[in-house]
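Written below as structure tokens is the structure these notes are about.
Chain letters run A, B, ... following the sequence lines, proteins first, then strands; residues in each count from 1. Small disclaimer: the values here were computed from a predicted structure and weren't measured.
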Amino acid sequence: AQSVAQPEDQVNVAEGNPLTVKCTYSVSGNPYLFWYVQYPNRGLQFLLKYITGDNLVKGSYGFEAEFNKSQTSFHLKKPSALVSDSALYFCAVRLNAGNNRKLIWGLGTSLAVNP
Amino acid sequence: DGGITQSPKYLFRKEGQNVTLSCEQNLNHDAMYWYRQDPGQGLRLIYYSQIVNDFQKGDIAEGYSVSREKKESFPLTVTSAQKNPTAFYLCASSGGLAGAPSTDTQYFGPGTRLTVL
């Protein structure tokens, strides 16, 4: 079955330290990969996506993600975490097949950045 | 939250009543989506529409209905058949040419929190 896994329910990091939020996927073909962030009681905000090309993708708010095809991973990273980065992060995958625009979603990772 | 609006922000209803959640977008997007979010379960797709006057069931369509009479509007009705409707409902859109990767990003509204008393 096609799926997206975010293996950590929660990640804790000190302000100023680098952060990583992990995502792995199991889909056929060459998928499109997305990261979103959700603040409490708000909708999701798009951070970045990988379609093709350079494996390192840069996005909003200083976040970046590295696509690793051999490990089927798309981990989200930031060199220096801010307290304001504390939120819920979702990884999603779109199958690169036909006109189907459905996304397969991970369950989310709660990031807590401690001052 | 871009050009997608959802109303109301909070909605309280009694059991057995149908309720309709509004979703409007001014992004000229072709595709629109409804998701349900419950704690610890991530996002689950209820219905989606890739073009006006057409829509498909998602993973948890039972107890819900939609219409897509206009490009900018995709209302969701939560019927009395939905056994556990209390949740946070999110509408999204993505747009442009079908299948084009540059248009595949989904943009979300601010959500409606539905509580059934």
- Residue B:E69 excluded, over 12 heavy atoms near CD under 6.0 Å: no

- Message: With a 4.5 angstrom heavy-atom cut-off, is it the side chain or the backbone of A:N41 that approaches chain B, or both, or neither?
- Response: both

- Message: When you group the ILVMFWY residues by side-chain heavy-atom contacts below 4.5 Å and let the links chain together, are B:Y33 and A:L107 in the same group?
- Response: no

- Query: What distance separates A:I104 CD1 from B:L45 CG, expressed to the nearest 0.5 Å?
  - Reply: 11.0 Å

- Message: Run B:Y48 and A:K102 through side chain to side chain contact (heavy atoms under 4.5 Å, CB included) and show every step you take.
- Response: CA-CA 8 Å; B:Y48 65 104; A:K102 289 171 59 176; 3.5 Å; yes

- Message: Under the criterion side chain to side chain contact (heavy atoms under 4.5 Å, CB included), I'd like the reasoning laid out for B:F108 against A:F46: C-alpha separation, chi angles, the key distance, then a yes or no.
- Response: CA-CA 8 Å; B:F108 284 78; A:F46 168 72; over 6 Å; no

- Flag if over 12 foreign heavy atoms under 6.0 Å of NZ, A:K58: no

- Message: Could you measure the distance from the CG atom of A:L47 to the OG1 atom of B:T105? Nearest 0.5 Å is fine.
- Response: 11.5 Å

- Message: Within the structure provided, determine whether B:L90 and A:Q38 are in side-chain contact (heavy-atom separation under 4.5 Å).
- Response: yes

- Message: Within a 6.0 Å radius of atom OH on A:Y61, are there more than 12 heavy atoms belonging to other residues, nucleotides or ligands?
- Response: no

- Query: Heavy-atom count around B:I51 CD1 within 6.0 Å, excluding the residue itself: above 12?
  - Reply: no

- Query: B:Q37 versus chain A, heavy atoms under 4.5 Å apart: side chain, backbone, both or neither?
  - Reply: side chain

- Message: Would you say that more than 12 heavy atoms from the other residues, nucleotides or ligands in this model lie under 6.0 Å from the NZ of A:K22, or not?
- Response: no

- Where does B:L43 contact chain A at under 4.5 Å (heavy atoms): side chain, backbone, both or neither? both

- Query: Would you find a donor on one side and an acceptor on the other, under 3.5 Å apart, between the side chain of A:Y36 and the backbone of B:Q106?
  - Reply: yes

- Item | Cluster link A:Y89 to A:Y25, ILVMFWY, side chain under 4.5 Å | yes

